[in-house]
Structures are given as C-alpha cells and as structure tokens.
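Written out below as structure tokens is the structure these notes cover.
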Amino acid sequence: MSTPQLDKTYSPHDVENRWYQRWIDAGLFHADPTHAGQPYSMVIPPPNVTGSLHVGHALNNTLQDILIRWRRMQGRNVLWMPGTDHAGIATQNVVERQLQAEGTSREALGREEFLKRVWSWKEQSGGTIIGQLKKLGASCDWERERFTMDPGLSEAVREVFVRLHQDGLLYRGERLINWCPRCLTALSDIEVEHEEATGKLYTIRYHLVDDPTQCLLVATTRPETLFGDTAVAVHPEDERFRHLIGKHVRLPLTSRTIPIVGDSILVDREFGTGAVKITPAHDFNDFEAGERHELKRIKILDLHAHLRLAGCLADSAVAEAVENLPVAKARPKIEQFLTDQGFLDKSEPHKMALGKCYRCKTVVEPFLSDQWFVKIKPLAEPAIQVVEDGRVRIIPEAWKNNYLGWMRDIKDWCVSRQIWWGHQIPAWYCETCHGTPFLRRSSDGAPLIPSDAVAIVAKTQPDACPQGHRDALVQDPDVLDTWFSSALWPFSTLGWPKQTPELKAFYPTSTLVTGLDILFFWVARMIMMGLKFMGEVPFRDVYIHALVRDAEGQKMSKSKGNVIDPLHVMEQYGTDALRFTLAAMASPGRDVKLAEERIEGYRNFTNKIWNAARFLLMHLNGERAELPPAQRSFPDRWILSRLNTAISTVTHELEQYRFDRASSAIYQFIWYEYCDKYIEMVKPALKDPNSEQAKSTRQTLAETFETMMRLLHPFMPFITEEIWQTLPHDGTSIVRKPFPTTKTEWESQEVEQEFALLEECRALMNQERAILGHTAGKRLHFNIHGKTDVAHSAFIKHKALIEYMENVENLSISGGVDIAAPHLLTLTSGSTEVGTSMEGADLHKAKDNVTKQMAVLQKEVARTRQKLGNPDFVAKAPPEVLTDHRDRLARESRMIELLQQALSQITLEQTPHQAS
RNA sequence: GGGCGGAUAGCUCAAUUGGGAGAGCGCUGCCCUUACAAGGCAGAGGUCACAGGUUCGAUCCCUGUUCCGCCUACCA
C-alpha cells in the first residue's frame, strides 16, 4: 500500500473550492426533519441581500459554523437555516442611485417598473454574499435558503399584520416620528443614531405684547423652528416668570403672538434662561407639551426638511429669504435677521446630540405624519419574562440587563416606511366611504391617505369594503419596516403559518449567534413575535459576539480605509486561517481587534499541521498493529492521554461558547504537544519500519492524527478534510464523522508524571547547555541522577529517548551517588541532578551566566525570608500557604547553593588553565 | 444625563472563589538538525492606570480619580 504525498507547503485555494463543492454535491449540509438525532437548529442572521461579506459577517458566520459542524459531528439533527433579508431602505437607495446615474428616477419609472428594477438588481447581486458565505465554509442547508420577500415569508408577514391588527396591537395614527429627509421615510426610534455635535445655543428675545419694553429670553438650538412656535413655556413655580403665565409674546420675525404657558414637565428651571419655546410639530417634547396645552401644530418643514413658511405669518422679507432652503442653510440667515432686528440676545457654543439616519447619516427631523405602529408593551412583557426566568439565555450574561432595561422602557414601534421596496402594507381604504377621493402626491402619484380614513386590514385585497363598495379600494402605499419581517425569521423560514414538519422539528431553534448591534433591532423583536405567534421562545441561547475592529480599535469603515476585507484575507492566507483567528479572538464581552499579523500567525499554524501530516504520510507505509493503549509505547501512551485532555477541554469550552479557549487548547495541543514533543519522540521508533515498535507507533500516529483532525474540523473544515482523506479512515467525508469523545483507557496520570520527570531532566540539560554556551546541535555527554526511585527508574527506562531528544552521547545514569566530580558542571531540581563536562566551554561567559541567575534568586530568597519573618503572616496565613512559602524558600536556597557550587566548579576548572 | 465594560509585556489578550502574573504575535541571539525557515532552540521585556481603604498579604474585594470604549437619553 502506498500513501499519497503532500506538497511542502499548504496551498488552501484548490483544497477549499474542491471540498466545498463535494460537500454540497453529497448533500452533507442538508437537514432532514425525520433524522433521529436530537435537533440542533440555528437561523442565520440574514445579511442584506445586496450586501457583501465584511469581517463582521465573517466572525458571525464562523462562530455559527463551528457550532453547527460540532453538533452535526455529535450526531445531532442539525439545521442551519440560511437566507437574506431585503434591506428595504438600503437596497432602495442603491437602486435609486443607479437610476440617478442613468438620469432617471423611481418617480419617473413608477412603482411597478421600479420594483422590477429592484428585483432584477436583487437577482443580479443577491447571490454575492451567499457565494462569499460558502467561501467561508458555512455549512448551511442551502437547499432551504430563504429571502424575506419570498412568497411564503410574505404570507407570514401578512398573517402577522392581520392578527396583530385584530388583537388591537397595531394602529395607524398621526404622530411625530423620526423622518429621514433624504430617504424620505419614517424611521423607528432605534434606526436613529445619536452623535454628539457642537452647535450653538441661541438666546432670543420674545417681547411681551402688553409691554414691548420687556421681553422673555428664550433659549434654543434651532432658531429656524421659531416659525412653528405656538407657545412659550416657563416653570409654574419659577418666581421669575410665574406672573407672566397667561400673557402673550410677539413671535420674532412674524406677525403672530403666542401665549406663555406654565409647564413643569417640559421646563428645567436650571437650564438656559428657564423659558422654552414650544414647537409641537417639530420636537418630541414639544409635541407632548402641545397636547397638554392644546396648542396648534404648525409645520414649517416639508418632506425634504426645507423651510415652508406659508401659514406661519412670517415677515415677508424673511420668508422670501429662507423659503425652500434646507435647515442648515436657513439657520445662519435667520440668525442674521434676528441679530439685525435686535432679537438675538446672545449665542454660545453648545454640545448636543444630533439624530442621524442609520442608513445614510442624514440628520433626521421629528416629523408629523400618519404612520402604522405596533403597540409594543403587551408584546414586551412576556419577552421580558422569558429572559428573566432563563427560558432565553443571553450569553455573555452582561447583556441581559441591557436587554431588560431597553425592553422595560420600550416605545411603540413605527413600522411603516414611505418606500416601495418591501412588504406593502395589507391595508385598504375605501374612497367612496371616505366621501372624497384621496389626494395624490404630485411627485410619485402615491395616494395620500387621510388620518381619518378607515383601514380595512386583510391578507389579500378585499373585493369590496364592508359597505359593499367595489372599485374604490386603495391600498396603503407604504411598506413595512424590514425588521418586521426579520422578526418572524425563526419561524417564517420554517414554513409558518403552515404547520410543517420542519417547524415541528426545529422550532424553537437552539442558538442564535449575533452581534450586539442588533440586540434590539432583531433579537428583542424575534422574542416578542416568537412568543406571540408560536407561543414559544424562538431560541434557547443567544450568543452575543463582539464587534470587529481594526488593530487600533477603530470601527472599520470604508471612509476610514481601515477595512480588512475577509475575501482578500481568505485569498491570501486561506479560509481556515481566517476562521481560526476569528475564533481565537472571540473573547466574550470584548471587541475583536483584528490585525493581519495575527492571521498570518494562524496561517503558519495551518502549515504546521500540514507538515505534521506530511511527516505521517512519509512514515505510515507498512503494517499497523493495534495494541490496547496500556501496552503501547511511552510516547504513544502519553499522546493518547494528552489527546484525551484536549478533547475534554475543547468540548467543555465549546459548550460554554468559549471559542477563544477552545481554539487555544487545540493550538497548544497540536503545536506543542503533538508536533514538538510527540512527533519528535516517535522518530526513533520509526527508524526500522518493520519493527514491532514501528507497527504499533504507526497505528497510534494514524489514530491520533485522525482524531485530531476531527477535533479541529469545526474550526478548520478545509485542511482537516484534505488531510483526513489521506489518512487511514472510514467513510467518505469528515463532515459527518463523530466528534471525538474522551476514552478512559487513553488517560494515564502515571505516564504523564513520568513524562514530567523527563521534561524536568531535559530542562536541566538545556540550562547547562545555556550556561556553557553549547548549542543544541552539539553532542554532549551527560550524567544524570534520579533522586527518587520513580525518577531513577524512569531515566533508566527512557535512556534512549533522552539521548535522542537532547542530542546526548552516552548518557550515564548513576543511582544515588553524588555525581559531582572534577570538570563537571552539575545542576539539580526537585527529583533530578544533571552534570556535564565543562571542557571546551567559554568559562568566563559561563560564570557570567551563573552569576546573573544567582542575583535574581538572591532577591527572591530575601523576599521570601522577609515574609516568613513576619509574625502576623506566620500566625494568620493558612497552613498550606505557609508550607508553600517554606518549600519555596528551601527550593530557592538550595538552588543558590547549587549555583554557588556550579560557580566554584567553574572557578576550579578555570584555575589550571590560567596557571598553564 | 443615566447605565455597562475596560485599563496587565512593544501589540492583542488570558489568569473564578485574595498567597510570587501567563500565552500568541512582535523583538534579540544562535541554528537551513530529512515533516515544517510559514521552522527549531534560547532569551530580553511587567510599580498588573492613579490615590486611598479592608487584610498577615491585593492585579483580584471596597471607595474615589483619570483616561478609553460601548449602549442609552427629548435638557431646550
């Protein structure tokens, strides 16, 4: 039998493509609801359909794939449900930009044509990220890939909408919402990002109508909104202003007068001047204050956040100057007018939070409009409950309070969006019932549904309204928030509202792996919707991983140019190296700072593994004899025992979602135990390929390496498959082979202790080499002495091994006699004494080396002595600590003595030479 | 403004019940030793942010300070 030979360095490229294709062809990732194993399921956090893979995705999906591959190998009935979401605003923006470049617009195309365009863009680019996930090795069940706008998922959306409406949890109404004047749509509260900005705090004089010589000073950061003011508020208990409540002031730059009201909620007496202007149509607080005082709402901004001053009685010169200007341009002009006309008292720099659209970073405006809202409190309560009582575990637990805090203070969710790409709201309005035809928006012809129009909510378009009017039904032009459909993802992807076998087998899912940034957007909403519509949590565990940053800790962004492109990394270093890096750095609760050097380090690791496999293949030719572990050679028994520990550690750490510790355990085991120690120890046994020793060793080599590949497979799927295939194995692919489990017959404390003795001995030999300046390559003669029976017999037993490992010629093992002798430099530690000849060494340097070591030791001894000399310490420290310290002192003193001895040995050695 | 987390080797991070701080990468020196120079061996490098407190003893617990993140919020 001949074994295949491998190239000298691992080249991941072909390996990856080849194996991924074969896995797919063999259907290894396909889930079967009738599979006998205990279900283990996950849904992928759906990436944007038109997006492409960034390093955050890479981390997210690597961790998921590790879990999935691990559980699959454990024999669980595994489903990893993949798919993408339609990313309403983002995708629409992309296509609109394309149209703009072509000199046209969505309005010009019309809704139907525009949607065709988006669909074709989706067809064209929607596969990109899926292809990239495959490159990453993601073992999703691609046959089940879903898209949030698939017919089935769209049906789920309509079903949920209708049922929420029936249950009174969905309503339409005129409210102040966050409006993006660039995307021209409403946003939910959490789609607004707050950013600190330095603006100005303007203090403006509002003159009293009764007595124009007096004025009320009003502080504002947004002077242009004064045109929408309908009152000024002061604190009702503020002595400075109390007498003014009920009086009126003249609104600067207009011919209007507005009342002064008392409002203890809105006004903070300490802030600014203690008087606040109220602009109910353009500020959330003012909106509520306006309700309390029954104030008119005057809109002064249009959809684009341009000033529209008709109806607010602005002075004509002012109106002319700022009409149709965006806020940013209007503000300085207003400031100028106020200054010129003596209204501006002062303006000073002021820090404030600016709300920006999370998609396009445009400053959002509070905007009065008709929108659909989910009444959230009744949904939130059970979703709080399940996290409190642990039915959903959030890992790391630190984020639990974050979740709970947000959920307890949750506000109604604005779900309507004024865009076209998405699930159009299944609500119709009857123009006949309404009495007059609805107005149409001039720009795109969309119907403007009046606030008081009655919505008919249904899964499909009704034939007639409840009054029996046909032909006059108009569907709500708005679409739903993308997160509305994402919230249903864990069950809509499984076929809901149909009761499918998949739904039965795989819901609730086992684990959700996601980033903190969508805890509220997505996780919270899935829990609410899952509980509401499935009556059960959508997942048991939520593992929240960190954000990926660059080596400086900066958030990666294209504009900063610090983006690490995972595709580029995979090209350069291989997918396995990238995956392993991400896993190794995924410490909980900490951001991942990714530097390319780290990836390179793990690329080296793949090469190390590769070359270890090469070594195996070079020596695996020939018969293999399988002995019971206890009868195998010392190196074999040792590596089996260590492998057992590695399996146990990796499994345990994966159970805790400690990807970092699991990967580090594998790394340590493979590199330092398997490669550095085991392979080295095994070489002598393989010298004669036909020996009994060689036959048994080959068996252990093959067996342990094969096991090791299975242990590593979830982390590095490609290289492990490639190597596994070349090793003696059963089956067609490592993907579905069992994950290693511990075997008690592999474990041997005795062998490990024996090994530790050898290591102790080798450490002393190395130290001697270092002192004497002998390189590892120089063959030396050593005397060793095992101070205990165990040590002595271990050295006797492993004489050849020590000779081989330490490049020793003719090792002498003395039994219980002092091996100090002329020309010998001796060193000792717990159970071992080692000596070698000083002949031919640079004794000056040796002396230096010893002296340095001694200085360090003497310091330590002094400290330990001092501690033990402290009566309080001796009286109060626990006995084991005391013993520990006394042992240490003894050890250190002994060591000094020995170094002292070594020093005199060296000195003695020097003398005759100096004499001669 | 509120909340949470962090500050440990040049860099990135570990260290569970307080008893002489470790790893990877990088760096330095020596080695192309037949699996691997993408490697081997050896080594340097730390007032565990600062100031107090508790304790025989603190990187660890408590208090305060500084700095850095993140989340959250309608102080005009």
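In what follows, chains carry the letters A, B, and so on, assigned in the order in which the sequence lines appear, proteins first and then strands, with residues in each chain numbered from 1.
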Report the residues that fulfil salt bridge (charged side-chain N to carboxylate O under 4.0 Å, His left out) with A/Asp283, sequence neighbours left out, ordered by chain and then residue number.
none
Taken to the nearest whole Å, CG/A/Leu701 to P/B/A35 is 12 Å
Tabulate protein N/O versus nucleotide N/O from nucleotides 59-62 of chain B, keeping only pairs under 3.5 Å, one per line.
none

Test ring-ring contact (aromatic ring centres under 6.0 Å, His included) on A/His885 and A/Phe873 and set out the steps.
CA-CA 11 Å; A/His885 275 74; A/Phe873 176 70; 5.0 Å; yes
Applying a 4.0 Å non-hydrogen cut-off, can you work out what A/Ala875 is touching in the nucleic acid: base, sugar-phosphate, or nothing?
nothing
Position toward the 5' end of RNA chain B (nearest nucleotide), A/Asn607 or A/Lys876:
A/Asn607
Please tell me which of the listed nucleotides, B/G19, B/U16, B/C36, lies nearest to the side chain of A/Arg661?
B/U16
Would you say A/Lys683 places a side-chain N or O within less than 4.0 Å of OP1 or OP2 belonging to B/A35?
yes
Within this structure, what is the CZ-to-C1' distance between A/Phe521 and B/U72, rounded to whole angstrom?
13 Å
With a 4.5 Å cut-off on side-chain heavy atoms, are A/Ile410 and A/Phe520 touching?
no
Classify A/Ile609 by what it touches in the nucleic acid, base, sugar-phosphate, or nothing, heavy-atom distance under 4.0 Å.
nothing
Between P of B/C70 and CG of A/Leu516, the distance in whole Å:
11 Å
NA contact type, A/Phe520, heavy-atom cut-off 4.0 Å: base, sugar-phosphate, or nothing?
sugar-phosphate
Residues two or more places apart in sequence or in another chain: which of them pass ring pair (Phe, Tyr, Trp, His ring centres under 6.0 Å) with A/Phe521?
A/Tyr358, A/Trp483
Pairs under 3.5 angstrom only: tabulate donor-acceptor contacts from the side chains of residues 347-355 of chain A to other protein residues two or more places apart or in another chain.
none

Counting the atoms with a prime plus P, OP1 and OP2 as sugar-phosphate, which does A/Glu680 contact under 4.0 Å by heavy atoms, base, sugar-phosphate, or nothing?
base
Which residue pairs satisfy the salt bridge (Lys or Arg N to Asp or Glu O under 4.0 Å) criterion with at least one member in residues 262-276 of chain A, sequence neighbours excluded?
A/Asp263-A/Arg292
What nitrogen or oxygen pairs link the protein and nucleotides 73-75 of chain B at under 3.5 Å?
residue	atom	partner	partner atom	Å
B/C74	O2'	A/Asn285	ND2	3.1
B/C74	N1	A/Asn285	OD1	3.0
B/C74	N1	A/Asn285	ND2	3.3
B/C74	O2	A/Asn285	OD1	2.7
B/C74	O2	A/Asn285	ND2	2.4
B/C74	N3	A/Asn285	OD1	3.2
B/C75	O2	A/Asp268	OD2	2.6

Determine all donor-acceptor pairs shorter than 3.5 Å in which one atom belongs to a side chain in residues 230-237 of chain A; sequence neighbours excluded.
residue	atom	partner	partner atom	Å
A/Thr230	OG1	A/Lys296	O	3.1
A/His235	ND1	A/Glu237	N	3.1

Salt bridge (charged side-chain N to carboxylate O under 4.0 Å, His left out) partners of A/Asp660, counting only residues at least two apart
A/Arg658
How would nucleotides 23-29 of chain B be written as a contact map, 5' to 3', with B for base contact, S for sugar-phosphate-only contact and - for no contact, using protein heavy atoms under 4.0 Å?
SBS----
What is the nucleic acid contact for A/Leu882, judged by heavy atoms within less than 4.0 Å: base, sugar-phosphate only, or nothing?
nothing
Watson-Crick or G-U stems involving RNA chain B, each at least 3 pairs long, distances under 3.5 Å, ordered by first number:
B:1-7 with B:66-72, B:10-13 with B:22-25, B:27-31 with B:39-43, B:49-53 with B:61-65
Selection from B/A15, B/G19, B/A38 that lies nearest to any side-chain heavy atom of A/Arg658:
B/A15
Under 3.5 Å: donor-acceptor pair, side chain of A/His545, backbone of A/Ala586
no
Using a heavy-atom cut-off of under 4.0 Å over every strand shown, decide if A/Ala398 touches base, sugar-phosphate, or nothing.
nothing
Tell me the interatomic distance from A/Ile670, atom CD1, to B/A35, atom C1', rounded to whole angstroms.
15 Å
From CD of A/Gln572 over to C1' of B/A38, roughly how many Å is that when rounded to an integer?
13 Å
Minimum-distance nucleotide (side-chain atoms of A/Asn870 versus B/A76, B/C56, B/A38):
B/C56
When the distance from CG of A/Asn766 to P of B/G40 is rounded to whole Å, what number comes out?
15 Å
The residue, A/Tyr10 or A/Asp872, whose nearest nucleotide of RNA chain B is more 5′ is A/Tyr10
Separation of B/G5 atom C1' from A/Lys400 atom NZ, nearest Å, is 18 Å
In terms of side-chain geometry, is the basic nitrogen of A/Glu365 or A/Arg222 positioned less than 4.0 Å from the acidic oxygen of its partner?
yes
Which residue pairs satisfy the salt bridge (Lys or Arg N to Asp or Glu O under 4.0 Å) criterion with at least one member in residues 189-204 of chain A, sequence neighbours excluded?
A/Glu191-A/Arg417, A/Glu193-A/Lys361, A/Glu195-A/Lys356, A/Lys200-A/Glu335
Ion pair present between A/Asp848 and A/Lys852, side-chain N to carboxylate O less than 4.0 angstrom?
no
Any donor-acceptor pair under 3.5 Å linking the side-chain atoms of A/Arg769 with those of A/Asn766?
no
Please give, in whole Å, the distance from B/U34 C1' to A/Asn611 CG?
12 Å
Salt bridge (charged side-chain N to carboxylate O under 4.0 Å, His left out) involving A/Arg240 - partner list, sequence neighbours excluded:
A/Asp238
I'd like to check A/Arg297 versus A/Leu176 (side-chain heavy atoms, cut-off strictly below 4.5 Å). Are they in contact?
no
